[in-house]
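Okay, structure first, notes after.
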Amino acid sequence: MIGVGKMKQYSNVLDKPLSKGKQEVSLTAFAFLFSELVQYNQTQVDNIAELERRLEDAGYAVGARVLELLCNREKGNRRETRLLGILSFVHSTVWKVLFGKVADSLEKGTEHEDEYMISEKELLVNRFISIPKDMGTFNCGAFVAGIVKGVLDNAGFPAVVTAHFVPIEGQQRPRTTILIKFADEVLKREARLSQ
């Protein structure tokens with residue numbers, strides 16, 4: 001037959017190639033789903049710290065899966081082995097896949113050798129959230145901190161990752177900073193690799 005294309009048959013769903021097409025989720029759908037996640041977890045806890053921990057746990061699972069997907073799709077099954085490489089990967093590749101752009105900044109802590117910060121002027125998960133006065137310190141960025149922790153832990157760079165609000169002079173909304181404090185073993189391994 002002329003003009004009829006032959007489609008390649010795959011015997012197993014795992015044999016199909018990963019799509020590299022641009023797959024975006026509607027911002028409205030994401031905001032609704034994330035709002036539901038926050039509200040559901042809010043009914044399950046008694047305090048703000050527990051709510052942030054539950055959001056971090058949800059983000060951790062996302063981070064682990066994002067790492068696997070991106071290592072297969074972007075890096076040909078290779079993972080970063082250097083500290084600055086994985087930080088750059090999170091700051092640029094992971095951020096771009098999740099939020100559509102590179103993070104605003106990646107900085108090394110000035111007070112401690114093992115601390116790094118990823119800052120975002122307007123983090124997507126905080127954009128549509130209004131926090132009641134009785135929950136003044138609540139930060140939905142804990143979900144993103146969980147994603148970053150999931151990526152780092154599963155890539156072999158264990159770290160404590162937390163989200164913080166940093167006020168900006170002249171602006172109503174504070175900047176969100178994801179603080180990454182690496183485990184001693186990561187710094188020792190990095191020092192050995194640098195020799």
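Since this is a predicted model, take the numbers as computed values, not measurements.
- Crowding of Asn47 atom CG: a count of heavy atoms from other residues, nucleotides or ligands under 6.0 Å exceeding 12.
- Pro158 and Glu185 make their closest contact through CG-OE2, 3.5 Å (heavy atoms, listed as atom of the first residue, atom of the second, distance).
- In this structure, the side chain of Ser35 does not engage the main chain of Ala31 through any donor-acceptor pair within 3.5 Å.
- With respect to Lys181 and Asp114, a salt bridge is recorded, a charged nitrogen being found less than 4.0 Å from a carboxylate O.
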Stepwise side chain to side chain contact (heavy atoms under 4.5 Å, CB included) check, Phe157 with Val151: CA-CA 9 Å; Phe157 294 86; Val151 169; over 6 Å; no

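- Between the Asn41 side chain and the Arg54 main chain, no donor and acceptor come within less than 3.5 Å of each other.
- No side-chain donor from either of Ser119 and Asp104 sits under 3.5 Å from a side-chain acceptor of the other.
- A donor-acceptor pair is defined here as one N or O able to donate and one able to accept, closer than 3.5 Å; no such pair exists between the side chain of Arg127 and the backbone of Leu123.
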Check step by step if side chain to side chain contact (heavy atoms under 4.5 Å, CB included) holds for Phe182 and Leu83. CA-CA 9 Å; Phe182 286 101; Leu83 183 67; 3.3 Å; yes

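- With salt bridges taken as basic N to acidic carboxylate O contacts below 4.0 Å, none links Arg175 and Glu120.
- Contact detail for Ala163 and Ile178: the closest heavy-atom pair is CB-CD1, 3.9 Å.
- Checked for salt-bridge contact, Arg53 and Asp57 meet the test: a charged N lies under 4.0 Å from a carboxylate O.
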